[in-house]
Amino acid sequence: DYKVTGVQTCALPISACAFVSGARDRIGAAAPSRQEPMSRVLLTRTVPCSGPVHPGAVALALVQTIAPHATARPPQLVATAAEIAAAAAAVRRAGVDPARPFTVLVLGRADDPRSLQECAIRAEQARGGPLLLLAGPAESDVPVPQSVPVWRQARGELRLLVGLGVLLRSVGGDVVTADQGPAHVLAAAGARVTVLFGPQDPTRTAPPAAQVVLHPSPPPCMPCRSRTCRHERGPICMSFARAEGVCPPTPGWLAAPGP
């Protein structure tokens, strides 16, 4: 039997699992696509990945070594009717009508340069449609404008986030966010997601099903891939609204969504 090991951010744990499973052929990406060089000792062979460095593209290249005609499709998360209803109830409690299109803004911490900046939030408010601010457990103490509805998620509500993504898809809503965990979950659940990228590198971490937006005049330090901004003027790479951003082309390695 074969086991394909996609060696990227969590390379060492995945390689270790493949090793202890007894898989005879443990395949991983060759450097520089493999970010943890020590994991190489647990593999039987490596595959050069000369294309995109996104984990999805690297994983596809590995799978194609044993299934040449394999293709990659965007991830898909499915919510139950109860989870969708619970998400709708939470949106309603926050003061937004879940039966009509609305926009979700995912908040981050002010000390995290990857977070949406105030200018992006103000631009979405100026559009005039219903807004819902989404704050996760790590943002429980982040202040929000009193005039804007907010849903502060508690720990253990991941499935409600999937329900929210399906709800947004069904009512024609959308999401504006930085490169944060909710972006990946909501996009995989089918929501229309726009991700503003600054410090993060979209070729490495963009949700496959999301729309990527970049600064129209990026500083030379972008992307730094750091959680600490060292620019003298702060995280200016995130100081833009989605309407001002530049959209790179859709990744060529990704096939169209299935039915």
So, does [X] use its side chain to make a donor-acceptor pair with the main chain of [Y] at under 3.5 Å?
{"X": "Gln64", "Y": "Ala70", "value": "yes"}
{"X": "His215", "Y": "Gly245", "value": "no"}
{"X": "Gln200", "Y": "Phe197", "value": "no"}
{"X": "Arg152", "Y": "Ser140", "value": "yes"}
{"X": "Glu157", "Y": "Ala154", "value": "yes"}
{"X": "Gln117", "Y": "Ser115", "value": "yes"}
{"X": "Arg45", "Y": "Asp25", "value": "no"}
{"X": "Glu124", "Y": "Ile121", "value": "no"}

Answer yes or no: is there a side-chain heavy-atom contact under 4.5 Å between [X] and [Y]?
{"X": "Pro199", "Y": "Ser226", "result": "no"}
{"X": "Leu107", "Y": "Leu116", "result": "no"}
{"X": "Phe102", "Y": "Asp97", "result": "no"}
{"X": "Thr177", "Y": "Leu196", "result": "no"}
{"X": "Ile27", "Y": "Ile66", "result": "yes"}
{"X": "Arg26", "Y": "Thr44", "result": "yes"}
{"X": "Pro202", "Y": "Leu214", "result": "yes"}
{"X": "Ile236", "Y": "His231", "result": "yes"}

Within one Ile-Leu-Val-Met-Phe-Trp-Tyr cluster: Leu160 and Val171, side-chain cutoff 4.5 Å
yes
Identify whether Met238 and Val212 are in the same connected component of the hydrophobic contact network (ILVMFWY, side-chain heavy atoms under 4.5 Å).
no
For [X] versus [Y], what's the shortest heavy-atom pair and its separation?
{"X": "Gly198", "Y": "Met222", "answer": "O-CG, 3.2 Å"}
{"X": "Ala206", "Y": "His184", "answer": "C-CE1, 4.2 Å"}
{"X": "Pro130", "Y": "Pro101", "answer": "CG-O, 3.7 Å"}
{"X": "Leu43", "Y": "Gly28", "answer": "CD1-CA, 3.6 Å"}

Residues Arg109, Asp141: salt bridge by 4.0 Å N-O rule
yes
Is Asp174 salt-bridged to Arg242, going by a charged N under 4.0 Å from an acidic O?
yes
For Gln125, I'd like to know if atom CD has over 12 heavy atoms of other residues, nucleotides or ligands within 6.0 Å.
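Yes - once you tally the heavy atoms of other residues, nucleotides and ligands closer than 6.0 Å, there are more than 12.
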